[in-house]
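Read through the structure below, which is laid out as structure tokens, and then see the notes.
Below, chain A is the first sequence line, B the second, and so on; all start at residue 1. It should be emphasised that the depicted structure is a prediction, and the values quoted were computed from it without experimental measurement.
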There are 2 protein chains.
Amino acid sequence: MLVSPNPQKTSVHATSESVDDYLKAILELGGSEEALVTTNALAERLGIRTPSVTGMLQKLSSERPTLVHYEKHRGVRLAPAGKRRAWELVRHHRLLERFLHDVLKYSWDEVHEEAERLEHFISERFEDRVAAILGDPEIDPHGHVIPHKYAQGMFRNEVELARWPLRTPATITSVSDRNAASLREIERLGLKPGVTVTIEDVNSSGSLCVRLPGQMDVVRMNKNLAGSIFVTATP
Amino acid sequence: MLVSPNPQKTSVHATSESVDDYLKAILELGGSEEALVTTNALAERLGIRTPSVTGMLQKLSSERPTLVHYEKHRGVRLAPAGKRRAWELVRHHRLLERFLHDVLKYSWDEVHEEAERLEHFISERFEDRVAAILGDPEIDPHGHVIPHKYAQGMFRNEVELARWPLRTPATITSVSDRNAASLREIERLGLKPGVTVTIEDVNSSGSLCVRLPGQMDVVRMNKNLAGSIFVTATP
DNA sequence: ACACTGAATTAGGTTAGACTAAAATATTAT
DNA sequence: ATAATATTTTAGTCTAACCTAATTCAGTGT
Ligand SMILES: [Mn+2]
Ligand SMILES: [Mn+2]
Ligand SMILES: [Mn+2]
Ligand SMILES: [Mn+2]
């Protein structure tokens, strides 16, 4: 008996974990302007070598219907099918983070790694049920917007705290989830999304003095940490 | 910068999804006596060809520390490390089924497929937190015993309803989770684990007439369905 | 003891996705 | 405009896990 693959399953998830990772990286590196993403940037982000990236982009861009548009020596951007899958993965990731945090009591520095793995493997049903028991949450534990189902997500207008002007109040919109140690440090300093901060001073090596509302003393943080905190103008 | 793999992660989950599937199949086909499992039986169960099985068994049995003991032309059985991983997968699977059913409101014919996929990818933390919010459940939705963490599981003393003697009350201990359509039929007939049944009659083609307590009429089921219901003597 | 048959293994091939080393191309600096 | 440098691609390998076709082996019946 030949086992014929479930066509539903195949159509829902025709992409491998590896292809998924490329698509999500292209989405995130391309940003809101959907800029061409370079081979180098992808290799760096994915932790693999550039020839592997070139090979994958050639393969992906030669398949029909194609997931990406690739221009040799120039870069790659998502085609419609690739963009759909990438945003779906972002939704899976952020819903999973919310779920792991709220239901399974993970701390906010623990959720990313698990979500990064599971986002590839959950079914549509799992996604829908998790969204339902959470009451269709809008925001993940790090302040990132959870895109709606089947919808293209949006990039928030936010900028690294490291590039915010001095003495101008800013509200934290999100923090990068990619480094657990940074997250623990950020939490220790009381810098959750929603908190308003003012940069008092930047010293020569780039480290910041930041004032929080209703706090006596300012907090100090290095450039690196200030690069993983994102803010907008306080309304 | 070379990315060195997280040693914890590696030691916890050094097995691929494919190897996982072999280990679980060897566990289940070997049964409580840990009988040698044949190449054919594995190929059949896993839906792959026999030469692929031979190749995998040769590879697995030549690695140190070995997951399986393989005797050419005779069969394969689990080595200690393989048995540990296989029981861990069984625990993951059954906990996930319980979780999907109780928390995410999956029906009992929907849980198996999702658990079969996710069992390979959840972390120890996920396993522990799910067990905690469920209150360390003992039994999965199909009546299977959930093994304790790090513990070797047990095979229950149960037998297919299809081989139970006539007119002797039997209590359903579990039902096979591998066929969703059968599960829906079993549910329709009111045959949950815990229910006591008596076989009134077996007709020539092997189909059964089964009486349930406190029910007027008997239910009819074919041989196939009676082979996916497991029972023990009613105390 | 020997032929038959079914099960298992060997031999050789494919695909996905990674790697290194070398070559080609693009960008930047003189 | 040309040379130096950085980026990208090509060429050739490797491993995991599957496949088909051909061969070998083990158990059975005469
Ligand atoms: Mn989805
Ligand atoms: Mn996040
Ligand atoms: Mn585990
Ligand atoms: Mn089950």
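Between the CG atom of B/N40 and the C1' atom of C/dG6 there is a distance of 9 Å, given to the nearest Å. Look at CD on A/E17: it is 15 Å from C1' on D/dA16, rounded to the nearest Å. Put simply, CG on B/L42 is 11 Å from P on C/dT9, counting in whole angstrom units. The interatomic distance linking A/H120 (NE2) with C/dG17 (P) rounds to 12 Å, in whole Å. Separating the CD atom of B/E44 from the P atom of C/dA7 is a distance of 11 Å, rounded to the nearest angstrom. Residue B/Y22 contributes atom OH, which lies 13 Å from atom P of D/dA16 at whole-angstrom precision. Going from atom CG of A/L46 over to atom P of C/dG17 covers 13 Å, rounded to whole Å. The distance between atom CZ of B/R49 and atom P of D/dC19, rounded to the nearest whole Å, is 7 Å.
Distances were taken from every side-chain heavy atom of B/S52 (C-beta onward) to each of D/dC18, C/dA8, D/dT8; the shortest belongs to D/dC18. Here the side chain of A/P51 is nearest to one of C/dA21, D/dA17, D/dT8, namely C/dA21. Considering only the side chain of B/T39, C/dT9 comes nearest among C/dG17, C/dT9, D/dT8.
Of the residues in residues 73-81 of chain B, those with a non-hydrogen atom less than 4.0 angstrom from any atom of DNA chain D are B/H73. Near DNA chain C, meaning a heavy atom under 4.0 Å from it, residues 54-67 of chain A has A/M56, A/K59 in order of number.
A/R184 has a carboxylate O that lies under 4.0 Å from a charged side-chain N of A/D109, or vice versa, which qualifies the two as a salt bridge.
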Could you go through residues 147-158 of chain A and list every donor-acceptor pair under 3.5 Å that involves a side-chain atom there, pairing it with any protein atom two or more places apart or in another chain?
| from | atom 1 | to | atom 2 | distance (Å) |
| --- | --- | --- | --- | --- |
| A/K149 | NZ | A/E124 | OE1 | 3.2 |
| A/K149 | NZ | A/D128 | OD1 | 2.6 |
| A/K149 | NZ | A/D128 | OD2 | 3.0 |
| A/R156 | NH2 | A/G143 | O | 2.4 |
| A/R156 | NH2 | A/T173 | O | 2.9 |
| A/E158 | OE1 | A/T173 | OG1 | 2.7 |
| A/E158 | OE1 | A/S174 | OG | 3.1 |
| A/E158 | OE2 | A/S174 | OG | 3.3 |

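Remark: the backbone N or O of B/S107 is paired with a side-chain donor or acceptor of B/E110 at under 3.5 angstrom.
Applying the ring pair (Phe, Tyr, Trp, His ring centres under 6.0 Å) criterion to A/H112, with sequence neighbours excluded, gives A/H93. Under the salt bridge (Lys or Arg N to Asp or Glu O under 4.0 Å) criterion, A/R91 pairs with A/E127, sequence neighbours left out.
Each of A/S18 and A/K72 has a nearest nucleotide on DNA chain C; the 5'-most of these lies closest to A/S18.
Using a 4.0 Å heavy-atom distance criterion, B/T50 is classed as a base contact.
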Practice problem: Go through the steps to decide whether A/D20 and A/T15 satisfy the test side-chain hydrogen bond (donor to acceptor under 3.5 Å, both in side chains), and finish with yes or no. | Solution: CA-CA 6 Å; A/D20 277 356; A/T15 48; 2.7 Å; yes
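A/F126 and B/F99 have tilted rings, their planes meeting at an angle from 30° to 60° on a 0 to 90° scale.
Nearest approach of B/L23 to B/A86, heavy atoms of both residues: O-CB, 3.7 Å.
Residue pairs meeting the salt bridge (charged side-chain N to carboxylate O under 4.0 Å, His left out) criterion with at least one member in residues 36-48 of chain A, sequence neighbours excluded, are A/E28-A/R45.
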